[in-house]
Amino acid sequence: MPLNLIKLCVGIETVEELEQYRAEQRARAESTGTEPCSTHRTRSFPRRADEILEGGSLYWVIKGQVRARQRILRLEEIESEDGRPRCGIVMDLDVVRVVPRRHRAFQGWRYLDEADAPQDLYDSGGGVDGDMPSEMQEELRRLGIL
C-alpha cells in the first residue's frame, strides 16, 4: 500500500488556481520539449521514500482543507541556492480533486497513510459536476446535499 505526503499549498487560494498554475507549467514544458512535471522543493528527504514511490501522492491543504492531490513520480536530491542538499518532490501535473476535509496548519510535510487519505472526489459517487466552482461544492456539502 503506498504512502502519501500532505503539505500546505502556500500562496494558492483555490483548487482552480492550482489547476491553472499546473496547466501553465504543462504548456511551458510542451513548448520547450521538457518532461511535463512539477518539482516541489522541501528541506528534508522522506526516510520512507520507498513506500512513497509505490504509488503515493502529495495531498495539498488549501485554505485549511485537504482539497487536491498530485501523484508523486520520484524524489530527487537537489541543491538549494546556498549549496545545501534538499529534496525535490517530482509530481505529475494532473491535479486530482479529493473530497474536502478540514486540516489544521502545520510546517513542512507529513506522512499520510492511504487508509487516512481522502477519497478522490469523482470516485466518491458524489455526482459532482467538474465545472462547478469549489466554493459551491463546499456549500452544497455543508448543506448535506453532496
Side-chain angles (χ1 to χ4, degrees), residues 1-30 32 34-135 137-138 140-142 144 146:
M1 186 176 288
L3 182 66
N4 304 293
L5 297 176
I6 186 169
K7 184 154 183 22
L8 299 182
C9 196
V10 179
I12 298 290
E13 301 286 321
T14 64
V15 178
E16 292 83 4
E17 191 176 334
L18 177 61
E19 291 169 333
Q20 177 62 35
Y21 181 66
R22 297 303 187 227
E24 292 167 4
Q25 287 182 309
R26 183 181 309 278
R28 276 194 302 275
E30 289 172 354
T32 61
T34 58
E35 179 186 13
C37 64
S38 175
T39 302
H40 181 78
R41 295 175 190 198
T42 185
R43 197 178 326 171
S44 57
F45 201 92
R47 293 175 192 208
R48 299 172 67 185
D50 290 341
E51 293 172 80
I52 292 167
L53 296 176
E54 291 177 3
S57 292
L58 178 61
Y59 283 79
W60 291 111
V61 177
I62 300 172
K63 298 302 250 179
Q65 291 188 328
V66 182
R67 301 296 303 264
R69 70 175 179 87
Q70 288 180 266
R71 188 171 52 87
I72 297 173
L73 301 175
R74 63 186 174 276
L75 301 170
E76 298 178 339
E77 189 169 315
I78 57 177
E79 193 173 293
S80 67
E81 294 78 25
D82 62 0
R84 294 184 183 181
R86 300 287 187 241
C87 177
I89 303 170
V90 181
M91 301 167 289
D92 184 69
L93 287 174
D94 293 332
V95 175
V96 179
R97 292 173 185 239
V98 299
V99 175
R101 181 186 302 164
R102 295 213 180 280
H103 201 290
R104 62 176 174 71
F106 58 95
Q107 291 185 342
W109 51 262
R110 302 284 185 268
Y111 292 114
L112 178 65
D113 289 320
E114 189 68 24
D116 297 328
Q119 280 186 302
D120 290 353
L121 187 61
Y122 303 109
D123 289 346
S124 66
V128 178
D129 179 358
D131 295 328
M132 184 185 299
S134 58
E135 293 80 18
Q137 292 175 27
E138 178 62 27
L140 291 173
R141 254 189 240 44
R142 189 184 69 72
L146 285 181

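Heavy atoms only: backbone and side chains are in, while hydrogens, waters and symmetry mates are out.
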Straight-line distance of [X] [atom1] to [Y] [atom2], nearest 0.5 Å:
| X | Y | atom1 | atom2 | result |
| --- | --- | --- | --- | --- |
| Leu5 | Thr42 | CG | OG1 | 8.5 Å |
| Glu51 | Glu114 | CD | CD | 12.0 Å |
| Cys87 | Glu76 | SG | CD | 8.5 Å |
| Leu58 | Trp109 | CG | CH2 | 10.5 Å |
| Ser80 | Arg86 | OG | CZ | 4.5 Å |
| Lys7 | His103 | NZ | NE2 | 12.5 Å |

Listed once per pair and sorted, the ring-ring contact (aromatic ring centres under 6.0 Å, His included) pairs that draw on residues 44-74, sequence neighbours left out:
His40-Trp60
Steps toward side-chain hydrogen bond (donor to acceptor under 3.5 Å, both in side chains) verdict (Gln20, Glu16)
CA-CA 6 Å; Gln20 177 62 35; Glu16 292 83 4; over 6 Å; no
Does CZ in Arg110 sit with more than 12 non-hydrogen atoms of other residues, nucleotides or ligands closer than 6.0 Å?
yes
Report the C-alpha separation of Tyr111 and Asn4 in whole Å, then their side-chain angles, then the decisive distance to 0.1 Å, and conclude whether the side chain to side chain contact (heavy atoms under 4.5 Å, CB included) test is met.
CA-CA 6 Å; Tyr111 292 114; Asn4 304 293; over 6 Å; no
Establish, from distance only, whether the side-chain atoms of Arg22 and Ser38 form a donor-acceptor pair under 3.5 Å.
yes
Asp94 versus Gln70, side-chain donor and acceptor atoms under 3.5 Å:
no
Before you tell me yes or no, could you show the steps for Thr14 and Ile62 under side chain to side chain contact (heavy atoms under 4.5 Å, CB included), namely the whole-Å CA-CA distance, both residues' side-chain angles and the distance that decides it to 0.1 Å?
CA-CA 7 Å; Thr14 64; Ile62 300 172; 5.6 Å; no
Side-chain touch Val96/Ser57, heavy atoms, less than 4.5 angstrom
no
Quick one: are Ile6 and Val61 in side-chain contact, heavy atoms under 4.5 Å?
yes
Do Val15 and Glu19 pass the side chain to side chain contact (heavy atoms under 4.5 Å, CB included) test, and can you show the C-alpha distance, the side-chain angles, and the key distance before you say yes or no?
CA-CA 6 Å; Val15 178; Glu19 291 169 333; 3.9 Å; yes
Could you walk me through whether Arg74 and Glu35 pass the salt bridge (charged side-chain N to carboxylate O under 4.0 Å, His left out) check?
CA-CA 13 Å; Arg74 63 186 174 276; Glu35 179 186 13; 2.7 Å; yes
Given Arg71, Arg97, Arg69, the one that forms salt bridge (Lys or Arg N to Asp or Glu O under 4.0 Å) with Asp120:
Arg69
Mind running side-chain hydrogen bond (donor to acceptor under 3.5 Å, both in side chains) on Arg28 and Gln25 for me, showing each step along the way?
CA-CA 5 Å; Arg28 276 194 302 275; Gln25 287 182 309; 5.6 Å; no
